[in-house]
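The structure appears below as structure tokens.
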Amino acid sequence: MKQLEFYNTGSGRREVFQPIDEGRVRMYLCGPTVYDRAHIGNARAAVVFDVLCRLLRLRYGSERVVYVRNITDIDDKINARAAALRRAGDHRPVIDIVKSVTDETIAWYHEDMQALSVSPPDFEPRATEYVPDMITLISRLVDDGFAYLAEGHVLFDVKTYGDYGQLGRKSPDDMIAGARVEVAPYKRNPVDFVLWKPSSSDAPGWDSPWGRGRPGWHIECSAMSARLLGEDFDIHAGGMDLVFPHHENEVAQSRCGNPGSEFARYWMHNGMLRVEGQKMAKSVGNVLTVRQMLDQDVDGDAIRLTLLSAHYRSPLDWTAKRLEESGRTLDKWRRVIGDGECKASDTPEPGFLAALASDLNTPGAMAVLHRLAGEGKAGQLKASAGLLGLFEGDEAIDRPIPGTRESRLIEALLARREAARMRGDYEEADRIRDRLACAGVTVRDGRAGQEWQSSRQPDTELLRRAEAEMQEGAQDG
């Protein structure tokens with residue numbers, strides 16, 4: 001495969017990808033805020049950067065790529081939904097309602113992404129699990145003069161960081177216009193952003209040097225990426241709408257809180273999605289969720305192919321016609337694959353790989369797939385399409401063969417989860433369930449007990465790592 005080249009938002013140009021350490025390529029994607037169903041705009045980033053991760057694993061080796069996609073489970077929208085449920089008659093403590101909301105939404109997200117053949121990341125940290133790391137980072141920023149206290153809040157002082165605005169290459173004044181900037185009287189500067197905010201008695205909160213409260217949104221990713229990938233890592237990805245203020249703020253607080261750190265070397269952002277030419281918004285009534293389409297028997301591969309049909313940095317206009325065309329294309333490719341000969345030794349076509357290596361050019365890669373289909377090259381078509389994550393569901397498996405290493409590891413983890421449930425340790429049970437999900441195993445609690453299935457071959461290494469962590473935790477206990 002030729003060298004990889006990607007457009008770097010930070011430099012504003014295409015660059016040859018050169019990882020900091022070729023023995024450990026590190027990638028971080030801003031994941032979902034879990035208060036409602038994932039819509040197709042959310043799914044675009046997950047699908048696009050899943051393809052990027054697959055390409056990196058092919059180029060450097062699966063064991064050398066570490067992919068982190070976080071979950072934001074501390075957010076005002078989550079609290080608002082919990083409050084609405086409480087007003088509707090749910091009398092449990094708010095913190096219990098919040099956990100119920102986030103757990104349910106995370107399960108929905110995993111199911112939807114699995115239907116779109118989005119591979120689980122190596123790590124899927126929840127913000128609630130890393131609050132101590134956030135408090136430590138905020139404390140450093142306060143001690144070093146980069147942050148200040150005001151009316152129970154801790155705010156980052158943007159004027160202390162001279163390169164603020166460099167990521168988006170805009171001045172702070174330009175970025176304020178139309179952006180998600182909270183204007184508050186206690187700020188020294190309108191673009192100063194919240195690192196910590198006070199929590200009311202009926203909202204989730206944690207003890208801190210500045211009183212009971214909760215972290216701001218931006219600090220979450222800085223803390224989680226530093227813990228799991230280090231202060232410097234290779235690729236930070238997300239939607240174009242996150243360049244400002246979210247990613248700009250991440251850069252500022254991470255570099256100031258970790259002197260000498262570059263933070264992320266390459267920034268990659270996918271373009272926004274419109275529906276039939278209009279911005280997708282609840283006020284317009286055109287928000288399309290992944291689940292709505294799946295429930296209408298739309299093929300998950302058709303959704304995935306549609307999301308990849310435009311270059312990732314370009315806007316994508318989602319239309320019924322485009323989705324129908326994706327379905328017809330998949331039917332054609334499936335016929336070619338079914339009528340031809342496919343061997344385990346088949347590999348992606350060089351021209352296909354060259355297109356993906358050129359700033360993840362999926363339209364160019366699809367042109368090669370059309371050519372392969374026209375030439376009846378079933379093996380190369382299947383292998384190439386597989387790198388895009390297509391046709392994985394066509395070979396769905398319920399479970400590994402009994403007695404295999406994967407099967408033994410899954411059963412061992414399920415036994416630990418059942419033991420945790422029996423002793424009332426539901427937090428541990430949920431943690432084991434989430435680790436299984438990351439390895440490609442979906443667990444459901446039915447009347448007959450724990451039921452599980454997998455739409456792909458479970459990741460043996462992730463299962464082994466999870467089992468080792470469980471054993472270590474049991475010994476420590």
Are [X] and [Y] close enough that some pair of their side-chain heavy atoms sits under 4.5 Å apart?
X: L155; Y: Y186; value: yes
X: T9; Y: H247; value: no
X: E428; Y: I432; value: yes
X: V68; Y: L29; value: no
X: H39; Y: V275; value: no
X: H311; Y: N361; value: yes
X: V251; Y: Y164; value: no
X: D143; Y: R140; value: no

Between [X] and [Y], is there a donor-acceptor pair closer than 3.5 Å when you use the side chain of the first and the backbone of the second?
X: R265; Y: D234; answer: no
X: S261; Y: E231; answer: yes
X: E248; Y: G165; answer: yes
X: R26; Y: S225; answer: no
X: D73; Y: T128; answer: yes
X: N286; Y: A281; answer: yes
X: E220; Y: Y130; answer: no
X: N189; Y: V191; answer: yes

Pairing of [X] and [Y] as salt bridge, 4.0 angstrom limit:
X: D301; Y: R304; answer: no
X: R69; Y: D50; answer: no
X: E349; Y: R371; answer: yes
X: E392; Y: R54; answer: yes
X: R214; Y: D76; answer: yes
X: R81; Y: E104; answer: yes

Mind checking whether H218 and H246 have parallel, tilted or perpendicular rings, split at 30° and 60°?
tilted

Would you call the rings of W267 and H236 parallel, tilted or perpendicular, taking 30° and 60° as the class edges? parallel

Is it the case that [X] and [Y] place a side-chain donor and acceptor less than 3.5 Å from each other?
X: S358; Y: R14; result: yes
X: Y35; Y: N79; result: no
X: D317; Y: T319; result: no
X: R37; Y: N42; result: no
X: T306; Y: R322; result: no
X: Y312; Y: D359; result: yes
X: Q114; Y: H110; result: no

The side chain to side chain donor-acceptor pair (under 3.5 Å) partner of K99 among D96, D103, T102 is D103

For [X] and [Y], work out which heavy atoms get closest and say how close.
X: P348; Y: S384; answer: CA-OG, 3.3 Å
X: L369; Y: L388; answer: CD1-CD1, 3.8 Å
X: A115; Y: L294; answer: CB-CD1, 3.5 Å
X: A310; Y: L316; answer: CB-CD1, 3.8 Å
X: L288; Y: M280; answer: N-SD, 3.6 Å
X: A223; Y: M134; answer: CB-CG, 3.6 Å

If I take atom [atom1] from residue [X] and atom [atom2] from residue [Y], how far apart are they, to the nearest 0.5 angstrom?
X: M366; Y: L308; atom1: CE; atom2: CG; value: 4.5 Å
X: F6; Y: S11; atom1: CZ; atom2: OG; value: 13.0 Å
X: R59; Y: E22; atom1: CZ; atom2: CD; value: 6.0 Å
X: N8; Y: Y266; atom1: CG; atom2: OH; value: 7.5 Å
X: L228; Y: F123; atom1: CG; atom2: CZ; value: 6.0 Å
X: I97; Y: I78; atom1: CD1; atom2: CD1; value: 13.5 Å

Does E427 CD have over 12 foreign heavy atoms under 6.0 Å away?
-> no

| message | More than 12 heavy atoms of other residues, nucleotides or ligands under 6.0 Å from CZ of R212: yes or no? | response | yes

Validate the cation-pi geometry between R313 and Y7: distance from NZ or CZ to the six-membered ring centre under 6.0 Å, angle to the ring axis within 45°. yes

ask   = Do R188's NZ or CZ and the ring of Y148 fall within the cation-pi criteria of under 6.0 Å and 45°?
value = yes

* To do: With side-chain contact (heavy atoms from CB on, under 4.5 Å) as the test, would you mind laying out the steps for V94 and R86 before giving the verdict?
  => CA-CA 7 Å; V94 171; R86 191 171 175 84; 3.8 Å; yes

Q. Would W196 and V142 satisfy side-chain contact (heavy atoms from CB on, under 4.5 Å), going step by step from the backbone distance to the final call?
A. CA-CA 11 Å; W196 189 265; V142 172; over 6 Å; no

Check: So W217 and V194, side-chain contact (heavy atoms from CB on, under 4.5 Å) or not? Walk me through it.
Finding: CA-CA 8 Å; W217 173 36; V194 173; over 6 Å; no

*asked:* Is there a side-chain contact (heavy atoms from CB on, under 4.5 Å) between E124 and I71? Walk through the geometry before answering.
replied: CA-CA 7 Å; E124 192 175 50; I71 286 177; 3.6 Å; yes

Indicate, with yes or no, if the rings of Y28 and Y67 have centres closer together than 6.0 Å.
no

